[in-house]
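Shown next, in structure tokens, is the structure this report addresses.
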Amino acid sequence: MDIEKRIKLSISDAFQSLYHHTLPEADIKLQPTRKEFAGSHTFVTFSYGRISKQNHQDTAQAVGSYLREHSGIVRDFNVVTGFLNLEIADNTWLEVFEHISSSQQSALPFGYQPDNGQKVMVEFSSPNTNKPLHLGHLRTIFLGASISRIFSANGYEVKKVNLVNDRGIHICKSMLAYQWFGKGETPASSGIKGDHLVGKYYVRFDKAYKQEVAQLVAEGMEEAQAKKQSSLMKATQDMLQKWEQGDPEVVMLWKTMNGWVYEGFDTTYKRIVVGFDKIYYESNTYLLGKSVVEEGLDRQVFTKRADGSVWVDLTDEGLDQKLLLRSDGTSVYMTQDLGTVDMRYHDFPFDKMVYVVGNEQDYHFDVLFKILKKLSRPYADGLYHLSYGMVDLPSGKMKSREGTVVDADDLIQEVTEAARAQTEALGKIDGFTKEQAEELYSVLGTGALKYFILKVDPKKRMLFNPEESVQLQGNTAPFIQYTYARISAILRKANDLGIETGGRFADLATLQPAELEVIRLMHEFPQKIAQAAEDYSPATVAQYAYDLAKEYNRFYTEVSIFSEEDPTALAFRVALSQAAAAVIRSAMDLLGIQVPERM
RNA sequence: GGUCUCAUAGCUCAACUGGAUAGAGCAACUGCCUUCUAAGCAGUAGGUUACAGGUUCGAGUCCUGUUGGGAUCACCA
């Protein structure tokens with residue numbers, strides 16, 4: 001049984017015995033003791049004065065005495081105003097440690113939950129096929145990949161999905177520009193990565209279009225009129241129509257260019273080590289949802305207006321009326337999403353569905369979920385919008401048209417180079433093959449990037465400073481990775497010396513403060529994993545990994561391992577290091593960050 | 001304008017969901033490598049938690065208002 005539960009049960013007993021009051025264990029709250037006081041767990045007694053008919057001080061004192069006598073695990077306590085700080089006996093901590101240490105042998109890593117029979121689908125990335133991935137995509141990708149792992153660790157069966165926006169007027173823009181200006185260029189002939197090549201023509205379109213409009217305006221046309229009259233825009237709209245009619249030539253070009261983009265995306269996904277279980281394409285889903293509209297009309301949840309357009313009235317929910325079908329019978333974004341979610345539920349009957357999408361779409365998802373509730377979909381209550389804040393740059397907001405976006409591939413390249421430069425400067429790659437060194441730079445670089453983004457609360461807007469993201473000291477992934485590599489070196493040495501770590505340590509004479517602190521932190525790991533899922537926040541795990549690494553480093557400098565003369569103490573310290581490495585590795589794994597054996 | 005959201009050290013972020021003297025990193029300064037990897041450790045300095053009220057044993061956290069950012073309110077996706 002875990003420490004918290006034992007304390008809570010004892011407190012419950014204490015209230016029964018001292019005050020003849022039944023205090024359910026579930027109503028008892030414990031909090032970590034502040035560093036400046038002795039103890040690890042704190043029970044706050046302010047609100048129990050009415051029950052005890054005593055002041056806080058006396059209540060805390062009485063409960064504390066009871067726990068010391070009867071709980072079997074509380075060694076001592078101190079009372080500061082109404083705060084009851086409990087010190088847990090060393091041998092209890094050592095039992096906790098033995099449990100953590102021995103769970104390394106089991107199939108399920110420490111802190112992970114067994115299969116809970118629930119399914120969750122996570123959608124993230126959601127790129128357009130007319131330009132390469134940028135920094136904004138990286139936040140959804142890292143968040144989505146990490147939250148998927150976190151749910152998996154909590155016992156869910158997880159399906160990672162991507163919804164690719166592969167059709168529409170913006171896709172036709174790059175296709176048209178390619179047709180007009182491309183001269184048969186291909187990724188192979190130009191040496192340009194496929195997604196970047198297509199992106200080049202998207203930019204080319206915008207440039208040519210602006211020129212044409214300027215030209216028309218110079219000739220005396222109104223700007224709004226010029227935008228409509230533009231031959232480029234007309235040709236683009238024409239192309240979209242042909243695409244919808246299935247014109248072979250247009251469809252062929254579309255397939256070819258999208259193929260280039262997918263190849264490019266795959267390369268990028270591979271570089272940052274993320275993948276999907278299923279990819280949905282809007283070209284397959286954009287017509288879905290019309291049947292949902294029919295259904296809604298039948299059930300009188302939606303209404304049809306005189307012009308033929310279909311609406312849903314959400315004014316009783318505090319929202320507006322929302323269009324679901326245009327008067328010409330074509331669907332809008334909302335219609336698509338209604339159809340897509342039904343299809344997904346059919347593919348994978350989920351208990352939860354997480355949309356990792358930016359907070360500029362808060363309103364959209366609010367509406368979507370309310371409509372699905374009105375349609376009484378069985379899954380409606382399991383839908384969640386993981387709404388993340390925008391990524392700002394020191395220079396201001398990112399805008400693709402103004403060229404102020406940070407390209408994902410460039411960024412990955414940059415952080416990898418920074419890792420290379422620093423590693424070489426420190427001269428730490430003796431004995432590495434070229435491949436091993438390259439692998440290390442990639443692990444460090446992408447790790448730094450992921451951590452930099454994931455350590456921030458997803459809901460909050462964040463500032464991305466490229467210079468800081470490349471930093472490898474302080475609260476960064478390389479700091480944590482370094483801790484892991486150091487422990488690895490210890491474990492290699494221990495292995496050479498033939499030190500056994502599987503023994504019992506409960507009778508160890510004394511625990512150093514730093515040792516106890518490392519155990520206490522490892523003991524928190526399962527709660528952190530649960531909390532991260534509850535809050536949909538990888539930042540919880542990131543913060544935890546940092547705290548544990550920091551505490552281990554303190555132990556590392558304060559306590560010597562191999563000069564210890566007592567063989568049990570020596571073995572314990574090796575075992576402690578081993579367990580800490582395993583937990584650090586697990587935590588980083590939940591963030592999608594790898595850890596190196598040497599660096 | 002309506003709605004939503006944010007404001008914490010010079011900068012980037014925390015604060016166990018209402019608890020104790022608000023904590024880390026970066027930048028600055030001081031120490032620690034003949035000893036398990038110094039990408040580390042220890043320390044100094046830095047705060048009227050935007051502002052004004054309120055709620056209570058207790059507020060960075062909840063409520064009201066003010067100021068200042070951001071998003072959104074398309075027969076775009």
Side-chain angles (χ1 to χ4, degrees), chain A residues 29-37 42 44 46-47 49 55-56 80-83 85 126 128 165 167-170 282 286 307-311 318-320 322-334 336-337 358-364 366 387 389-390 392 394 397 419 422-423 425-426 428 444 452 455-457 459-465 467-469 471-476 478-483 485-494 524 527-528 531 534-535 539-540 542-543 546-547 549-550 553-563 573-574 577 598-599:
Chain A
K29 287 203 172 109
L30 294 174
Q31 52 182 287
T33 304
R34 294 187 67 98
K35 278 246 165 88
E36 58 266 36
F37 302 106
T42 294
V44 184
F46 290 109
S47 46
N55 64 38
H56 335 119
V80 182
T81 64
F83 297 94
N85 302 323
S126 315
N128 290 351
N165 184 346
R167 60 160 289 281
I169 195 81
H170 52 297
E282 278 194 15
Y286 81 108
D307 63 1
S309 58
V310 177
W311 297 73
L319 302 176
D320 290 335
K322 195 78 191 169
L323 178 87
L324 296 175
L325 209 61
R326 296 193 189 99
S327 49
D328 64 4
T330 57
S331 50
V332 292
Y333 181 41
M334 188 62 72
Q336 253 183 70
D337 265 8
N359 64 9
E360 69 272 15
Q361 295 200 35
D362 283 355
Y363 184 72
H364 171 78
D366 201 5
S387 161
M390 272 190 191
D392 284 323
K397 204 184 150 178
Q422 294 230 25
T423 305
L426 291 168
K428 292 214 172 182
L444 294 178
F452 188 83
K455 76 174 175 188
V456 182
D457 182 344
K459 292 194 284 287
K460 292 194 177 170
R461 226 181 143 80
M462 68 171 286
L463 186 81
F464 186 88
N465 186 331
E467 281 168 35
E468 277 180 34
S469 73
Q471 223 143 36
L472 312 178
Q473 286 92 27
N475 189 355
T476 64
F479 168 87
I480 301 165
Q481 290 166 321
Y482 175 69
T483 307
R486 262 176 158 186
I487 299 175
S488 298
I490 286 174
L491 298 181
R492 283 192 295 272
K493 182 165 177 182
E524 279 183 2
Q527 296 155 242
K528 294 290 179 184
Q531 203 201 328
E534 211 170 294
D535 298 345
T540 303
Q543 200 63 40
Y546 175 70
D547 289 341
K550 184 115 182 101
N553 282 333
R554 189 164 78 92
F555 159 77
Y556 181 94
T557 43
E558 277 181 14
V559 182
S560 172
I561 295 175
F562 293 109
S563 61
R573 286 172 196 167
V574 172
S577 301
R598 298 166 203 266
M599 66 183 272

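In what follows, chains are A, B, ... by sequence order, proteins preceding strands, each numbered from 1.
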Practice problem: Validate the cation-pi geometry between A/Lys493 and A/Phe562: distance from NZ or CZ to the six-membered ring centre under 6.0 Å, angle to the ring axis within 45°. | Solution: yes
Practice problem: Give the nucleotide from the list B/G19, B/A27, B/A77 with an atom nearest to the side chain of A/Val44. | Solution: B/G19
Exercise. Taking side-chain hydrogen bond (donor to acceptor under 3.5 Å, both in side chains) as the test, write out the residues that go with A/Ser47, two or more places apart.
Key: none
Quiz item: Rounded to the Å, how far apart are A/Lys322 NZ and B/A77 P?
Solution: 11 Å
Quiz item: Who are the side-chain contact (heavy atoms from CB on, under 4.5 Å) partners of A/His170, not counting sequence neighbours?
Solution: A/Asn128, A/Asn130, A/Asn165, A/Tyr202
Quiz item: Within the structure shown, what part of the strands sits under 4.0 Å from A/Thr81 by heavy-atom distance: base, sugar-phosphate, or nothing?
Solution: nothing
Quiz prompt | Candidates B/A71, B/A20, B/C75 - which lies nearest the side chain of A/Val332 | solution = B/C75
Quiz item: Pick the nucleotide of RNA chain B nearest each of A/Ser327 and A/Asp362; which residue has the one closer to the 5' end?
Solution: A/Asp362
Practice problem: List the protein contact pattern of nucleotides 9-16 of chain B with one symbol per nucleotide (5' to 3'): B for base contact, S for sugar-phosphate-only contact, - for none; contact means a heavy-atom distance under 4.0 Å. | Solution: ---SSS-B
Exercise. Could you tell me whether A/Asp547 contacts a base, only the sugar-phosphate backbone, or nothing, with contacts defined as non-hydrogen atoms closer than 4.0 Å?
Key: nothing
Practice problem: Could you check whether A/Thr42 gets within reach of a base, just the sugar-phosphate, or nothing at all, counting any heavy atom under 4.0 Å? | Solution: base
Practice problem: Take the angle between the ring planes of A/Phe83 and A/Phe46 and call it parallel below 30°, perpendicular above 60°, tilted in between. | Solution: perpendicular
Practice problem: Could you go through the side chain to side chain contact (heavy atoms under 4.5 Å, CB included) check for A/Arg573 and A/Ile490 one step at a time? | Solution: CA-CA 10 Å; A/Arg573 286 172 196 167; A/Ile490 286 174; over 6 Å; no
Quiz item: B/A24 base stacked by A/Tyr546? Criteria: ring centres under 5.5 Å, plane angle under 30°.
Solution: no
Exercise. Would you state whether a donor and an acceptor, one from the side chain of A/Asp337 and one from the base of B/A77, lie under 3.5 Å apart?
Key: no
Quiz item: How far does the P atom of B/C11 sit from the matching atom of B/A27, given to the nearest Å?
Solution: 16 Å
Quiz item: Excluding sequence neighbours, so at least two apart, what forms side-chain hydrogen bond (donor to acceptor under 3.5 Å, both in side chains) with A/Asp320?
Solution: none
Quiz prompt | Heavy-atom neighbours of A/Arg554 CZ exceed 12 at 6.0 Å | solution = yes
Self-check item: A/Phe46 aromatic ring stacked with six-membered ring of B/G19, 5.5 Å and 30°
Solution: yes
Quiz item: What do the steps show when you test A/Tyr482 against A/Leu472 for side chain to side chain contact (heavy atoms under 4.5 Å, CB included), and what is the final call?
Solution: CA-CA 10 Å; A/Tyr482 175 69; A/Leu472 312 178; over 6 Å; no
Exercise. Any chance you could list the contact pattern along nucleotides 35-43 of chain B? Use B for base contacts, S for sugar-phosphate-only contacts and - for none, protein heavy atoms under 4.0 Å, 5' to 3'.
Key: -BBSBSSS-
Quiz item: When you compare B/C29 with B/A22, how far apart are their P atoms, in angstrom units rounded to a whole number?
Solution: 27 Å
Quiz item: Where the side chain of A/Lys455 meets the backbone of A/Asn475, is there a donor-acceptor pair that is under 3.5 Å apart?
Solution: yes
Quiz item: Can you check B/U49 for me, syn or anti if syn means within 90° of 0?
Solution: anti
Quiz item: If pairs are Watson-Crick or G-U with both distances under 3.5 Å, what is the dot-bracket string of RNA chain B, marking crossing pairs with [ ] and pairs to another strand with |?
Solution: (((((((..((((.....[...)))).(((((.......))))).....(((((..]....))))))))))))....
Exercise. Between B/G60 and B/C76, how far apart are the C1' atoms? Round to whole Å, please.
Key: 40 Å
